[in-house]
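Notes follow the structure.
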Amino acid sequence: MKERIEAILKEIEELKCKKEQEIEEARVRLLGKKGEITRLFEDFRTVAPEQKREFGQKLNALKNAAAAKIEELRNAVGEQGAAAAAFDVTKPGDSLPLGSRHPVSIAREEIVEIFRKFGYDVAEGPEVEDDWHVFEALNFPPEHPAREMQDTFFVTDNEQKNPILLRTHTSCVQVRCMETMKLPIRVVCPGRVFRNEAISARAHCIFHQVEGLYIDENVTFADMKQAILLFAREMFGPETSIRMRPSYFPFTEPSAEVDVSCNICHGKGCNICKGTGWLEILGCGMVDPNVLEASGIDSRKYSGFAFGMGVERIAMLKWQVKDLRNYFENDLRFLKEFETSI
């Protein structure tokens, strides 16, 4: 009998049940009318009188252990059942807050899509470039200030031949297009650029540009003006006007800065346009013949125009953001304002 008591006690200690039915089956097997422990109590009658005290205590302890184990298992299964009942898998899940696209991405895509409608392809190139594509092929003379260390992030020694650097504009992508694409060429080149400048509300060492290039036979300044006017009206509204001011860029001649009529005050003057009624949006010009020749294009047969704009600048004008640093600080309070712009 001692061995049977110890075997049943070990079975009780190792007993595990996950369902109420399993617990009831274990209770019947151990404590039912024909259960193992019940049979032990019946066999207790045959125990010698001098052993009754010892076995009686062991049988009572065994019965109590079995009852306690059954109760413990019932409590555990009951808690699991209550938790499962509280969680209804058929109910819809909690809605999670969604993020929004970055304002720079929104502005960039809008600019690109406008020019896509005009028949422009999209071209991209490497951010780490060589001096030839960033400066030399674009008619930058050796003494040009943009070649100095204070403006450009050089990857290799800027004194060596054709040094490697972080591109300062996406015009280098235009050079690659002129070198590899068949004429006529009509592309826009969006991308991130880098300049070694102090970070402030109006400037940053990282920013984004979209530059455009159109080369074909008999392309004129009037074609460029019309393309920019159509872009401005698509971006800022059909009542938008533009004006061009003479400027200078090494890779275009003649060159111009383009202003649009202020979409806030409609030309009357406000703090956004500093009372002038105009907002500067981009630079442009006719591609210099030297640039065409450097890329193997006959400048006597072909002509073209190029333009470039800062995406952050367009976004600042579109949403009246006064501090450029907001675009780079990942402040969720600022970014949530553009959820409806997706």
Side-chain angles (χ1 to χ4, degrees), residues 102 104-105 108 122-181 185 187-213 215 247-255 257 280 282-299 304-314 323-325 327-330:
H102 197 280
V104 171
S105 297
R108 167 180 159 156
V122 178
E124 297 184 348
E127 294 179 350
V128 180
E129 265 286 11
D130 56 38
D131 183 89
W132 166 259
H133 289 93
V134 176
F135 295 129
E136 191 72 26
L138 289 168
N139 204 35
F140 280 80
E143 69 278 3
H144 196 280
R147 291 175 173 268
E148 299 299 323
M149 286 294 291
Q150 68 265 23
D151 292 325
T152 305
F153 289 107
F154 284 93
V155 178
T156 60
D157 186 359
N158 65 321
E159 297 297 330
Q160 73 179 42
K161 184 179 180 181
N162 198 26
I164 305 301
L165 48 89
L166 299 183
R167 66 183 182 187
T168 58
H169 47 209
T170 54
S171 301
C172 52
V173 182
Q174 297 176 351
V175 175
R176 291 185 176 274
C177 290
M178 289 188 286
E179 290 176 337
T180 59
M181 294 178 67
I185 297 172
V187 294
V188 285
C189 310
R192 183 171 54 177
V193 298
F194 311 85
R195 293 183 186 176
N196 193 4
E197 297 180 357
I199 297 174
S200 68
R202 290 288 180 179
H204 206 283
C205 61
I206 303 172
F207 56 101
H208 300 78
Q209 286 185 333
V210 175
E211 299 196 28
L213 174 70
I215 299 176
S247 186
Y248 166 76
F249 303 108
F251 38 88
T252 55
E253 179 60 37
S255 305
E257 298 279 359
E280 180 185 329
L282 58 83
C284 63
M286 301 301 294
V287 180
D288 192 295
N290 291 337
V291 174
L292 295 175
E293 295 291 343
S295 296
I297 298 175
D298 187 354
S299 61
F305 62 78
F307 56 85
M309 66 193 80
V311 179
E312 285 83 358
R313 174 68 173 168
I314 298 294
D323 193 332
L324 195 66
R325 291 169 291 192
Y327 292 129
F328 297 91
E329 292 177 350
N330 294 324

Could you give me the CA-CA distance, side-chain angles and deciding distance for Glu179 and Ser295, then say whether side-chain hydrogen bond (donor to acceptor under 3.5 Å, both in side chains) is met? CA-CA 5 Å; Glu179 290 176 337; Ser295 296; 4.9 Å; no
Less than 4.5 Å apart, side chain to side chain, heavy atoms only: is that true for [X] and [Y]?
{"X": "Phe135", "Y": "Thr168", "answer": "yes"}
{"X": "Val193", "Y": "Glu127", "answer": "no"}
{"X": "Val187", "Y": "Val122", "answer": "no"}
{"X": "Cys189", "Y": "Leu213", "answer": "no"}
{"X": "Val291", "Y": "Met178", "answer": "yes"}
{"X": "Asp130", "Y": "Leu165", "answer": "no"}
{"X": "Val128", "Y": "Val155", "answer": "yes"}
{"X": "Tyr248", "Y": "Glu257", "answer": "no"}

Pair Phe153, Cys205 - check side chain to side chain contact (heavy atoms under 4.5 Å, CB included), show working. CA-CA 10 Å; Phe153 289 107; Cys205 61; 4.3 Å; yes
Strictly distance-based, threshold 3.5 Å: is any side-chain N or O of [X] a donor or acceptor partner for the main-chain N or O of [Y]?
{"X": "Glu211", "Y": "Thr170", "answer": "yes"}
{"X": "Gln174", "Y": "Gly212", "answer": "yes"}
{"X": "Asn162", "Y": "Asp131", "answer": "yes"}
{"X": "Arg195", "Y": "Phe207", "answer": "no"}
{"X": "His102", "Y": "Val104", "answer": "yes"}
{"X": "Asn139", "Y": "Pro250", "answer": "yes"}

In Å and rounded to the nearest 0.5 Å, what is the [atom1] to [atom2] distance from [X] to [Y]?
{"X": "Ile215", "Y": "Ile185", "atom1": "CD1", "atom2": "CD1", "answer": "4.5 Å"}
{"X": "Gln209", "Y": "Arg108", "atom1": "CD", "atom2": "CZ", "answer": "11.5 Å"}
{"X": "Glu197", "Y": "Thr152", "atom1": "CD", "atom2": "OG1", "answer": "9.5 Å"}
{"X": "Tyr327", "Y": "Arg325", "atom1": "OH", "atom2": "CZ", "answer": "13.5 Å"}
{"X": "Thr252", "Y": "Phe307", "atom1": "OG1", "atom2": "CZ", "answer": "12.5 Å"}

Measure up the His208 and Phe328 rings against each other and bin them: parallel (under 30°), tilted (30 to 60°), perpendicular (over 60°).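 The rings of His208 and Phe328 lie parallel, inter-plane angle below 30°.
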How close do [X] and [Y] get, counting heavy atoms only, and between which atoms?
{"X": "Ser299", "Y": "Glu293", "result": "OG-OE2, 2.7 Å"}
{"X": "His169", "Y": "Cys172", "result": "O-SG, 3.3 Å"}
{"X": "Ala123", "Y": "Pro190", "result": "O-CD, 3.6 Å"}
{"X": "Leu282", "Y": "Gly308", "result": "CB-O, 3.1 Å"}

Please step through side chain to side chain contact (heavy atoms under 4.5 Å, CB included) for the pair Phe251 and Phe140, ending with a clear verdict. CA-CA 7 Å; Phe251 38 88; Phe140 280 80; 3.7 Å; yes
Before you tell me yes or no, could you show the steps for Leu324 and His204 under side chain to side chain contact (heavy atoms under 4.5 Å, CB included), namely the whole-Å CA-CA distance, both residues' side-chain angles and the distance that decides it to 0.1 Å? CA-CA 7 Å; Leu324 195 66; His204 206 283; 3.9 Å; yes
So does Glu124 pair up with Arg176, basic N to acidic O under 4.0 Å?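 Answer for the salt bridge query: no.
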Side chain to side chain contact (heavy atoms under 4.5 Å, CB included), that's the test. Do Val173 and Arg167 meet it? Break it down for me. CA-CA 10 Å; Val173 182; Arg167 66 183 182 187; 3.6 Å; yes
